[in-house]
Asks: 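I'd like to ask some things about the structure below.
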Amino acid sequence: QVQLVESGGGLVQAGGSLRLSCGASSGTFHRYAMAWFRQAPGNEREFVAAISRGGSSTYYADFVKGRFTISRDNAKNTVYLQMNSLKPEDTALYYCAARNTQSEYSDYRSYDYWGQGTQVTVSS
């Protein structure tokens, strides 16, 4: 069992930056590939970014490439999402998720554990 807790969300103006953090309770954090998803009201949950167990491989949705960076610190059991050049359309509840299987990284059904989410609101 892995418990995930996100933090770092908030209200920011367009063009600003935020860094989200997701801390894991498990000492086996390094065994899990991690990802960030987001969901805006009325929309489906969508993939944002993913990172491999060791952090050597990263993947991004097209709409965040060049603006967001996912990283992890296995010594701290934490995954991060650095978000720059934020846009109003980035407004959503952001979730981190963990998976320990070799499955599609962008499919939310591949993930076994989820945090409660942290709200990001970008004003125009």
Side-chain angles (χ1 to χ4, degrees):
Q1 189 75 11
V2 179
Q3 293 183 325
L4 303 172
V5 179
E6 302 97 334
S7 61
L11 174 64
V12 64
Q13 289 188 331
S17 298
L18 284 173
R19 188 175 84 152
L20 306 185
S21 299
C22 173
S25 63
S26 174
T28 58
F29 176 73
H30 63 280
R31 297 180 183 176
Y32 293 87
M34 301 297 295
W36 289 93
F37 287 77
R38 70 186 187 185
Q39 188 167 18
N43 290 356
E44 294 185 352
R45 190 168 300 192
E46 62 181 356
F47 168 74
V48 176
I51 189 166
S52 60
R53 293 171 176 81
S56 60
S57 298
T58 56
Y59 310 91
Y60 297 93
D62 287 343
F63 55 79
V64 302
K65 283 182 180 178
R67 300 190 298 126
F68 291 9
T69 302
I70 188 171
S71 62
R72 67 189 295 162
D73 185 338
N74 285 348
K76 295 182 178 180
N77 290 351
T78 302
V79 62
Y80 305 97
L81 185 68
Q82 177 67 44
M83 305 187 296
N84 299 327
S85 303
L86 283 161
K87 305 174 181 180
E89 52 264 44
D90 293 319
T91 295
L93 190 60
Y94 283 71
Y95 298 91
C96 73
R99 63 179 172 87
N100 60 5
T101 57
Q102 294 291 336
S103 50
E104 175 54 49
Y105 63 80
S106 64
D107 187 341
Y108 73 90
R109 295 168 295 184
S110 298
Y111 291 82
D112 305 296
Y113 303 102
W114 293 84
Q116 81 290 349
T118 185
Q119 179 67 38
V120 172
T121 302
V122 184
S123 63
S124 58

Asks: Closest heavy-atom contact between Asn84 and Ser17?
Replies: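 Smallest heavy-atom distance, with atoms named: OD1-OG, 2.9 Å.
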Asks: Determine whether Phe47 and Ile51 fall in the same hydrophobic cluster, where Ile, Leu, Val, Met, Phe, Trp and Tyr are linked whenever their side-chain heavy atoms lie under 4.5 Å apart.
Replies: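 Shared cluster, no.
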Asks: Do the non-hydrogen side-chain atoms of Lys76 and Phe29 ever get within less than 4.5 Å of each other?
Replies: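 In short, these two side chains do not touch, never coming nearer than 4.5 Å.
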Asks: Between CD of Glu44 and OH of Tyr108, what distance do you get to the nearest 0.5 Å?
Replies: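 Glu44 CD to Tyr108 OH: 7.0 Å, rounded to 0.5 Å.
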Asks: Any link between Val64 and Val122 through a network of hydrophobic side chains (Ile, Leu, Val, Met, Phe, Trp, Tyr) touching at under 4.5 Å?
Replies: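 Result: yes, single cluster for both.
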Asks: Is there a donor-acceptor pair under 3.5 Å between the side chain of Ser110 and the backbone N or O of Glu104?
Replies: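 A pair under 3.5 Å: yes.
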Asks: Contact between Asn100 and Arg31 at the side-chain level, heavy atoms closer than 4.5 Å - yes or no?
Replies: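 Not touching, per the 4.5 Å side-chain cut-off.
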Asks: How about Tyr94 and Met83: do any of their side-chain heavy atoms sit closer than 4.5 Å?
Replies: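 When only atoms from C-beta onward are counted, Met83 and Tyr94 do touch, with a gap below 4.5 Å.
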Asks: Please assess Arg53 against His30 for the test side chain to side chain contact (heavy atoms under 4.5 Å, CB included), listing each intermediate value before the final yes or no.
Replies: CA-CA 6 Å; Arg53 293 171 176 81; His30 63 280; 6.0 Å; no
Asks: Is there a side-chain contact between Phe68 and Trp36 (heavy atoms, below 4.5 Å)?
Replies: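 Of all side-chain heavy-atom pairs linking Trp36 with Phe68, none is under 4.5 Å.
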Asks: Tell me whether Val48 is reachable from Val5 by hopping between hydrophobic residues (I, L, V, M, F, W, Y) whose side-chain heavy atoms are closer than 4.5 Å.
Replies: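 Shared cluster, no.
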Asks: Within this structure, what is the OH-CD distance for the pair Tyr113 and Gln3, rounded to the nearest 0.5 Å?
Replies: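 It is 10.5 Å, given to the nearest 0.5 Å.
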Asks: Starting at OH of Tyr32, measure out to CZ of Arg99 and round the result to the nearest 0.5 Å.
Replies: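 The OH atom of Tyr32 sits 12.5 Å away from the CZ atom of Arg99.
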Asks: Heavy atoms, side chains only, cut-off 4.5 Å: are Thr91 and Gln119 in contact?
Replies: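 They are in side-chain contact.
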Asks: Looking only at heavy atoms, what is the nearest atom pair of Gly23 and Thr78, with distance?
Replies: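 Taking every non-hydrogen atom into account, CA-OG1, 4.2 Å.
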Asks: Is there a side-chain contact between Val120 and Leu20, using heavy atoms and a 4.5 Å cut-off?
Replies: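 Result yes, sub-4.5 Å side-chain heavy-atom pair found.
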Asks: Nearest 0.5 Å, please: how far is CD in Gln39 from CG in Leu93?
Replies: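 Between atom CG of Leu93 and atom CD of Gln39 there are 7.5 Å.
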Asks: Looking at Ser106 and Phe37, what are the two nearest heavy atoms and their distance?
Replies: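 For Ser106 and Phe37, the tightest heavy-atom pair comes out as O-CE2, 3.7 Å.
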Asks: With rounding to the nearest 0.5 Å, note down the distance linking CZ in Arg45 to CZ in Arg109.
Replies: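 Spacing of CZ (Arg45) from CZ (Arg109) equals 13.0 Å.
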Asks: If every non-hydrogen atom of Met34 is compared with every non-hydrogen atom of Arg72, which pair is closest and at what distance?
Replies: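 Shortest heavy-atom contact: CG-NH1, 3.7 Å.
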Asks: Taking all non-hydrogen atoms of both residues, which atom of Ala33 and which atom of Tyr111 are closest, and how far apart?
Replies: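 Shortest heavy-atom separation between Ala33 and Tyr111 comes out as O-CE2, 4.3 Å.
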Asks: Over all heavy atoms of both residues, which pair between Gly27 and Asn77 is shortest? Give the atoms and the distance, please.
Replies: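 That would be CA-ND2, 4.2 Å.
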Asks: Drop me the distance from Gln116's CD to Glu6's CD, to the nearest 0.5 angstrom.
Replies: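 Answer for the CD-CD pair, Gln116 versus Glu6, is 4.5 Å.
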Asks: Counting C-beta onward and ignoring hydrogens, is there a side-chain heavy-atom pair between Gln82 and Arg19 closer than 4.5 Å?
Replies: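 The answer is yes, as the side chains (C-beta and beyond) meet within the 4.5 Å cut-off.
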Asks: Can you confirm if the aromatic rings of Tyr105 and Tyr59 lie within a centre distance of less than 6.0 Å?
Replies: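 Ring centres of Tyr105 and Tyr59 closer than 6.0 Å.
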Asks: Kindly determine whether Asp90 and Lys87 satisfy salt bridge (Lys or Arg N to Asp or Glu O under 4.0 Å), including the steps that lead there.
Replies: CA-CA 5 Å; Asp90 293 319; Lys87 305 174 181 180; over 6 Å; no
Asks: Could you tell me if the side chain of Tyr60 sits less than 4.5 Å from the side chain of Thr69, heavy atoms only?
Replies: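 Thr69 vs Tyr60: side chains touch.
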